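Below you'll find the structure, written out as structure tokens, and then a few comments.
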Amino acid sequence: MCATVFGVGDDLYVNITLLQNATAQGAVCLDGSPPAYYLHRGFDSGLSNWIVFLEGGGWCESISDCQGRKTTDKGSSKYMMNPTNFRGILHNTTKQNPDFYNWNKVWIGYCDGSSFTGDIDEVDPGQKLYFRGARIFKAVMDELWSQGMQNAKNAILSGTSAGGLATILNCDKFKFFFSSDVKVKCVANAGFFINANTISGTPNILKKYQQVVDLHGSIKNLPPSCTSTMEPSLCFFPQNVISFIETPIFIINSAYDAWQINNTLVPSNLDPQHIWEYCKVRISNCTLSQRTTIKAFGVEFLKAFDGLTPCNTRGYFITSCHTHAQIVTPVYWFSTSSPRILNKTIAEAVGDWYFDRTGLHQYMDSYPFAKDC
């Protein structure tokens, strides 16, 4: 299929491109279908500038879990939206996207379940599962190269949630595609998952990441500077791997990230009586005890940043919102109701950082508790 674009009002709909020739390299989704991406061409001064966005959608850590994804867009390009709506950082107007509106913009579909890190030659014989996330990343990059990215002057790798984590893990690989005179940076949104225990004290997220790394063969695609110093699955956690990343990176996250509160801290199996059910929806519904537990998680989250090595090319925008919001939504990225720190929206902070317009690149919300935003 060829990518086409059409819009209604402020909507920017972009058609899917199936990368059929990638299957010859074994770059396929969990079900063996070809990888897919959406491309909206830049214009005017943005013709030589590129944003590549990695979609999120969790991970699969077991055969049964991955099998369940095969009949969804998170395991097969057969079920991906066509077209999809480009908004926020991917939009083509200054109203939603003041600095990057006229860049070439790419959305890469997420169908491997490993944050684009998996690479196992063997196909699971019983379920016919393919673990090839890293091959998908390379195949799409090669395709974009032939589509004009080899002429880039500026480039950003970005993503949200599992795609935000993938942005961190693949940041230096993205940089290596370009010559040294190209300005390359990475913007990771809602992907700073911390190694925290549940309310019962169990390391559920660590166990999940261990299983993901083992099942998908991710170790070979994690930064070797990290895996040579610690157990490989620990390098799936941004707090452990970011100090090894050489490419400038900007982290957008909430200290009280809703996905982490709802899954890392209070997974549903540890709340059989649904005591946390309404609290997970809105912080204002939480009891004092629940708020105290959530505040402790936020303190732990911020300590993870304290443990990072200093770096003057690294930027942060850390809110106190109880959200897992995405920079591909205008209300979060750039609007009158967007979260602000020091009177800056996320779009403005990222733009200032990318273009080196100010010396301040680390924005931390001073509000001491989680809040509904």
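From a predicted model like this one, the values you see are computed outputs, not experimental measurements.
Within a 6.0 Å sphere centred on NZ of Lys78, other residues, nucleotides and ligands contribute 12 heavy atoms or fewer. By the neighbour-count criterion of 12 heavy atoms within 6.0 Å, atom NZ of Lys220 is densely surrounded, having more than that number from other residues, nucleotides or ligands. Atom CD of Glu231 sits in a crowded spot, with more than 12 heavy atoms from other residues, nucleotides or ligands closer than 6.0 Å. Within a 6.0 Å sphere centred on OH of Tyr278, heavy atoms belonging to other residues, nucleotides or ligands number 12 at most.
Across all non-hydrogen atoms, the minimal contact from Ala190 to His324 is O-CE1, 3.4 Å. Minimum interatomic distance between Asp99 and Gly351 (heavy atoms only, all atoms of both residues): OD2-CA, 3.4 Å. Nearest heavy-atom pair across Lys185 and Thr247 is CA-CG2, 4.2 Å.
The shortest side-chain heavy-atom distance between Ile318 and Asp365 does not fall under the 4.5 Å cut-off. Taking the side chain as every heavy atom from C-beta outward, Gln362 and Tyr316 approach each other to under 4.5 Å.
Ring centers of Trp50 and Phe177: at least 6.0 Å apart, outside the cut-off. Side-chain rings of Tyr110 and Phe116 approach one another, their centers coming within less than 6.0 Å. Ring centers of Trp103 and Tyr354: under 6.0 Å apart, within the cut-off.
The pair Asp142-Arg135 does not count as a salt bridge, with every side-chain nitrogen at least 4.0 angstrom from each carboxylate oxygen. Look at Asp119 and Lys138 and you find no salt bridge, because none of the NZ, NE, NH1 or NH2 atoms lies under 4.0 Å from a carboxylate O. Salt bridge Lys208/Asp65: absent, no basic N to carboxylate O contact under 4.0 Å. A salt bridge is defined here as a Lys NZ or Arg NE, NH1 or NH2 lying under 4.0 Å from an Asp or Glu carboxylate O, and Asp352 with Arg357 meets this definition.
In this structure, the side chain of Gln239 does not engage the main chain of Gly307 through any donor-acceptor pair within 3.5 Å.
How far CD1 of Ile346 is from OG1 of Thr319: 7.0 Å, rounded to the nearest 0.5 Å.
Connection of Leu90 to Phe100 is established within a shared hydrophobic cluster, with ILVMFWY side chains joined at heavy-atom distances below 4.5 Å, either directly or through further cluster members.
For residues 41-83, the disulfide (SG to SG under 2.5 Å) pairs, not counting sequence neighbours, are Cys60-Cys66.
Across Phe237, Phe317, Phe305, a single residue satisfies ring-ring contact (aromatic ring centres under 6.0 Å, His included) together with Phe192, and that is Phe305.
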